[in-house]
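Reviewing the structure listed below.
The model shown is predicted, which means the values in this text are computed figures rather than measured ones.
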Amino acid sequence: MYYSKLLIPTLREYPGEAEVISHRLMLRAGMIRRLAAGIYNYLPLGYRVIRKIESIIREEMDRAGAQEVFFPMVLPAELWRETGRWDQYGKELLRLKDRNDRDFCLGPTHEEVVTDLIRREVKSYRQLPLNLYQIQTKFRDEIRPRFGLMRGREFIMKDAYSFDTDETGAEKSYRKMYDAYMAIFRRCGLTFKPVEADTGLIGGSFSHEFMVLADTGEEAIVSCDSCGYAANMEKAEGRVAAGFSLRPQDVGTDLQVCPELLPLEKKITPGKKSVEDVAVFIGVEEERLVKTLIIRGGERIVAALIRGDHELHEIKLAKLLGCTEAQLLSPAEVEEVTGAPSGFSGPVGLKGIPIIADLAIKDMVNFIVGGNERDLHLLNVNLFRDFAPDQFADIRKVREGDECSRCDNGNLAIVRGIEVGHTFKLGTKYSETMGATYLDEHGRPHFIIMGCYGIGVGRTMAAAIEQNHDKDGLIWPSSIAPYKVIILPLNMESEKVYGAAEAIYKGLEEKGIEVLFDDRNERAGVKFKDADLIGIPYQVIVGDKGIKRGIVEIKERATRAVKEVEVEKLILTGEL
RNA sequence: CGGGGCGUAGCGCAGCCUGGUAGCGCACCUGCUUUGGGAGCAGGGUGUCGGAGGUUCAAAUCCUCUCGCCCCGACCA
């Protein structure tokens, strides 16, 4: 392709609107332009990358036995009402009416559509398993779109849906998609990690998020340095080395050993409400304290016990309680429940509500809690002697350095990642609510078991940039680069230079190599800068000096390594 | 939706506090020179100062309203 004919409006400076590097570079390299908040035009260069990623996805999905379909983007409300999501989905669902005042929405996802199709068309176990996928523009009216393609409102997504007769089959389908995802992201040249994820409200038995590792990632991932265990924060389990021990073998170790349970003691702590204040006032480490958080989850109110230096993970607790949200009560409400001002809540003598203790509490002895009375704390509190939790559970946030819960010698690190793909084993959630059944060998109906699998195409592109760039611009992995080579004739006045450059261009094109020919009448510096900025993997540099000797230079964008090649040889072989 | 900020030429910004002729760099157009890392000289201004209303002899500047965008938080591919 001739550069002069392409729309590649590169910018010399970074536009002020963008913050993260992928967004800034996509704008600067003339790949995208913003049309409205979270809504972008894809320019020729950007769209080529999108199509590259799409075709890798298609190849791997097809290889895994999935079939491509194409669903509408405008969806009728009735389907969404059927599953209740018309009401549940909230403002993220962009609703519209047609001329007859009928309700529609822009599709944010397509479970309803595909399940509707399947329930009509699939009758028999003989038609299963089945896996349908599509690559579609989706719309979610995000609360806060940001970071360019990373979190747009309109975005391109591949979504696949699997349908099986039984659990074994469903797991096999899931595994196939998992493997396909590994292949897809590997082929896109990404450094990524599949992590165990929370299934959230979608339900089902398991789920993985495919995270591209990048400091700008929006999600925190917990991963073990020893056994490969990785999970997102909602799911991650960690263990805490006991800060205090009763075990004789711990004498002389780093652990502070408390060989006996000391008698309960009252301590007046005037106005000391926060863990920090209390710890300072008494003169102990924060990890000697246990905080008692009074939480409302759905209809229930519970007391959650967390070690002083730890943090409650609301989502873990909510899941445990079987509801969607867990919230701290207001100070007034706390006082109503415990009879003491908030800041002085404690488990000892607490009546009327269940006590859920974090697993880390199990190992603690002689700890400090609130006294359920203004300005009172209790020292040397011990489990089962002074109070008994109704339940122990993992309800805290994992911290950097916690011990791995899956292996004996690993420690957990927290890294950041960009979620580019998500796989869910859905089970029968949608087939039940929408009545998608098949008949087995005996003519008996069963619900179809489903899975769903998404990949954010634009986000994958953004993630690739986050991982592959330098101060001069983009560095595309070869597999998703818009062009493989860019040819830079440095002196357009010189017929020899231009002639050789054009001959190389035609030679490479004939061999099926995607070539961009910078035929613009620009100075060398401009061409170099633009070539670096748009990140084409190889630059063929054609200059007067080389041409006299019959050679050109080939520069690898990523390494900046330069080698000289004979013009004739390059035209003949196409070898870079 | 809560908190913070921005809106002036295609892009990046100054001017606003303290009202008085709209400015700088880059880009762009013309000509000449230049040609291996975003060239030099000369000439050219392409603007509804986001919009509406108000105060004033006079508003980019002060006031009110409004629209758009960006950043931080709670949700998600």
Side-chain angles (χ1 to χ4, degrees), chain A residues 9-20 23-24 27-28 30 33-39 57 88-93 108-110 135-160 181 197-198 200-202 207-212 217-219 232 234 314-315 324-325 327 417-424 452-463 472-473 488-494 497-498 520-533 539 541-547 552-553 555 560 562:
Chain A
T10 57
L11 304 173
R12 186 185 281 242
E13 291 163 275
Y14 284 110
E17 75 185 62
E19 188 74 11
V20 296
H23 189 196
R24 288 157 67 83
L27 289 168
R28 244 196 94 188
R33 286 291 184 265
R34 188 182 62 76
L35 185 63
I39 300 177
I57 292 172
Q88 282 168 19
Y89 220 94
K91 295 182 92 170
E92 218 159 277
L93 194 62
T109 176
H110 284 73
I135 297 176
Q136 239 295 19
T137 297
K138 312 234 169 186
F139 197 95
R140 294 183 191 169
D141 202 353
E142 287 280 344
I143 295 167
R144 180 150 96 86
R146 60 185 125 171
F147 305 153
L149 296 193
M150 206 102 97
R151 181 192 287 280
R153 291 194 292 172
E154 187 179 288
F155 58 101
I156 301 170
M157 179 173 164
K158 186 283 303 182
D159 53 326
Y181 274 38
D198 187 27
L201 286 181
I202 297 181
S207 168
H208 287 87
E209 286 171 349
F210 289 76
M211 310 293 293
V212 169
E218 291 189 80
E219 294 228 5
N232 70 11
E234 281 79 52
E314 288 90 347
I315 296 172
T324 58
E325 245 187 330
Q327 281 180 321
I418 301 163
E419 182 183 357
V420 289
H422 203 155
T423 54
F424 283 101
C452 77
Y453 318 92
I455 291 180
V457 178
R459 188 180 277 187
T460 300
M461 174 171 162
D472 291 314
L488 306 176
L490 297 186
N491 182 354
M492 296 296 286
E493 308 289 296
S494 159
V497 166
Y498 187 86
R520 294 175 303 166
N521 193 14
E522 288 286 356
R523 299 169 60 84
V526 175
K527 293 189 177 186
F528 282 131
K529 288 289 184 191
D530 275 338
D532 285 348
L533 178 60
Q539 299 172 6
I541 300 161
V542 187
D544 281 311
K545 284 181 280 184
I547 285 303
V552 294
E553 291 162 26
K555 181 165 130 187
R560 296 168 190 272
V562 178

For rA14(B), give the paired nucleotide (Watson-Crick: N1-N3 plus N6-O4 or O6-N4; G-U: N1-O2 and O6-N3; both under 3.5 Å), or none.
none

Dump the pairs, protein N or O against N or O of nucleotides 25-28 of chain B, anything under 3.5 Å, distances to one decimal.
residue : atom : partner  : partner atom : Å
rG25(B) : N2   : Glu13(A) : OE1          : 3.2
rC26(B) : O2'  : Arg12(A) : NE           : 3.3
rA27(B) : OP1  : Arg12(A) : NH2          : 3.4

rG19(B) versus rA59(B) - spacing of their P atoms, nearest Å:
13 Å

Nearest-nucleotide check on RNA chain B, Ile143(A) vs Ala524(A); residue mapping nearer the 5' end is Ala524(A)

Just wondering, do Phe155(A) and rA77(B) stack (centres under 5.5 Å, planes under 30°)?
yes

Roughly how far apart are Glu218(A) CD and Met150(A) CE, rounded to 0.5 Å?
6.5 Å

Across every strand shown, the nucleotide meeting Watson-Crick or G-U wobble geometry with rG38(B) (both distances under 3.5 Å) is none

Which whole-number value in Å describes the distance from Met492(A) CE to rU34(B) P?
18 Å

If the P atom of rC69(B) is compared with that of rC63(B), how far apart are they to the nearest Å?
25 Å

Taking only side-chain N and O atoms of Arg146(A), does any of them lie within less than 4.0 angstrom of OP1 or OP2 on rG73(B)?
yes

Without decimals, in angstroms, what is the distance between Glu209(A) CD and rA77(B) C1'?
10 Å

Asp530(A) vs Arg520(A) side-chain heavy atoms within contact, under 4.5 Å:
yes

Can you find a pair of side-chain heavy atoms, one from Ile547(A) and one from Val552(A), that are under 4.5 Å apart?
yes

Pick the C1' atom in rC13(B) and in rG5(B), then give their distance to the nearest Å.
16 Å

With a non-hydrogen cut-off below 4.0 angstrom, is Asp159(A) in contact with a base, only sugar-phosphate, or nothing?
nothing

How many Å lie between CG on Asn491(A) and P on rU33(B), as a whole number?
15 Å

Between atom CD in Glu19(A) and atom P in rC72(B), what is the gap in whole Å?
6 Å

Which of the following nucleotides, rA39(B), rC1(B), rG12(B), is nearest to the side chain of Pro15(A)?
rG12(B)

Distance, rounded to the nearest Å, where Ile541(A) contributes CD1 and rU35(B) contributes P:
19 Å

Using the P atoms only, state how far rC1(B) lies from rG38(B), rounded to an integer number of Å.
49 Å

Heavy-atom donor-acceptor pair, Lys527(A) side chain to Ile541(A) backbone, under 3.5 Å:
no

Table of protein N/O atoms under 3.5 Å from nucleotides 67-69 of chain B N/O atoms:
residue : atom : partner  : partner atom : Å
rC69(B) : OP1  : Ala37(A) : N            : 2.9

For the residue pair Met492(A) and Val497(A), establish whether any side-chain heavy-atom pair is separated by less than 4.5 Å.
no

Ser494(A) and Asp544(A): which non-hydrogen atoms are nearest, and at how many Å?
OG-OD1, 3.3 Å

Distance below 4.0 Å between Arg144(A) side-chain N/O and rC1(B) OP1 or OP2
no

Quick one: the side chain of Arg520(A) and the base of rG38(B), do they pair up donor-acceptor inside 3.5 Å?
no

Look only at the side chain of Tyr14(A) and the backbone of Glu19(A), and say whether a donor-acceptor pair between them is shorter than 3.5 Å.
no

Do the non-hydrogen side-chain atoms of Glu419(A) and Arg459(A) ever get within less than 4.5 Å of each other?
yes

So what does Val526(A) touch, heavy atoms closer than 4.0 Å: a base, only the sugar-phosphate, or nothing?
base

Using a 4.0 Å heavy-atom cut-off, does Glu553(A) contact any base of the nucleic acid, only the sugar-phosphate backbone, or nothing at all?
base

Taking the side chain of Arg151(A) as its heavy atoms from C-beta onward, which of rC76(B), rA77(B), rG38(B) lies nearest to it?
rC76(B)

Pairing partner (Watson-Crick or G-U wobble, both distances under 3.5 angstrom) of rC28(B):
rG44(B)

Side chain of Thr137(A), backbone of Ile156(A): donor and acceptor closer than 3.5 Å?
no

Between rG37(B), rG36(B), rC76(B), which one does the side chain of Lys555(A) approach most closely?
rG37(B)

Under 4.0 Å between any heavy atoms, over every strand shown, what does Gly454(A) touch: base, sugar-phosphate, or nothing? Just pick one.
nothing

Does the Arg28(A) side chain pair with the main chain of Thr10(A), one donor and one acceptor, at a distance under 3.5 Å?
no

Using a cutoff of under 3.5 Å, can you pull out all pairs of nitrogen or oxygen atoms linking the protein to nucleotides 42-44 of chain B, with atom names and distances?
none

Pairwise C1' distance for rC41(B) and rC17(B), with rounding to whole Å
40 Å

Pairing partner of rG2(B), by Watson-Crick or G-U wobble and under 3.5 Å for both distances, is rC72(B)

Is it the case that the base of rG36(B) and the side chain of Lys529(A) share a donor-acceptor contact (distance under 3.5 Å, atom types as modelled)?
no

Using the C1' atoms only, state how far rG45(B) lies from rC72(B), rounded to an integer number of Å.
40 Å

Taking for each residue the nucleotide of RNA chain B with the nearest heavy atom, is it Asp532(A) or Gly148(A) whose nucleotide lies nearer the 5' end?
Asp532(A)

Of the non-hydrogen atoms in Glu493(A) and Asn521(A), which two are nearest, and what is the gap between them?
OE2-OD1, 4.1 Å

Distance check needed: rG38(B) P versus Phe528(A) CZ, whole Å only.
10 Å

Rounded to whole Å, please give me the gap between CD1 in Ile547(A) and P in rG36(B).
14 Å

Does the structure show a Watson-Crick or G-U wobble partner for rU21(B), both distances under 3.5 Å? Name it, or say none.
none

Within the side chain of Lys138(A), is there an N or O that forms a donor-acceptor pair under 3.5 Å with the backbone of Lys158(A)?
no

Side chain of Arg523(A) only, heavy atoms from C-beta on: which candidate in rU35(B), rC1(B), rC76(B) is closest?
rU35(B)

If we ignore hydrogens and angles and just use 3.5 Å, is the side chain of Arg140(A) paired with the main-chain N or O of Pro108(A) as donor and acceptor?
yes

Would you measure the distance from the P atom in rA14(B) across to the matching atom in rC62(B) and give it in whole Å?
15 Å

As a test of reading the structure: which of rG73(B), rU35(B), rC76(B) is closest to the side chain of Glu493(A), going by heavy atoms?
rU35(B)

Could you tell me whether the side chain of His23(A) reaches within less than 4.5 Å of the side chain of Leu149(A), counting heavy atoms only?
no

Ring geometry between His208(A) and Phe210(A) (parallel below 30°, tilted from 30 to 60°, perpendicular above 60°)
tilted

Using atom C1' of each nucleotide, how far apart are rU8(B) and rG47(B) to the nearest Å?
8 Å

Atom pair distance, as rounded to whole Å: NZ in Lys527(A) and P in rG38(B)
15 Å

Candidates rC75(B), rC72(B), rG36(B) - which lies nearest the side chain of Phe147(A):
rC72(B)

Donor-acceptor pair under 3.5 Å, Asp544(A) side chain vs rG36(B) base
no

Expected output: side-chain Arg153(A) to main-chain Ala37(A) donor-acceptor under 3.5 Å:
yes

Considering every strand and a 4.0 Å limit on heavy-atom distances, what is the contact class for Gly421(A): base, sugar-phosphate, or nothing?
sugar-phosphate

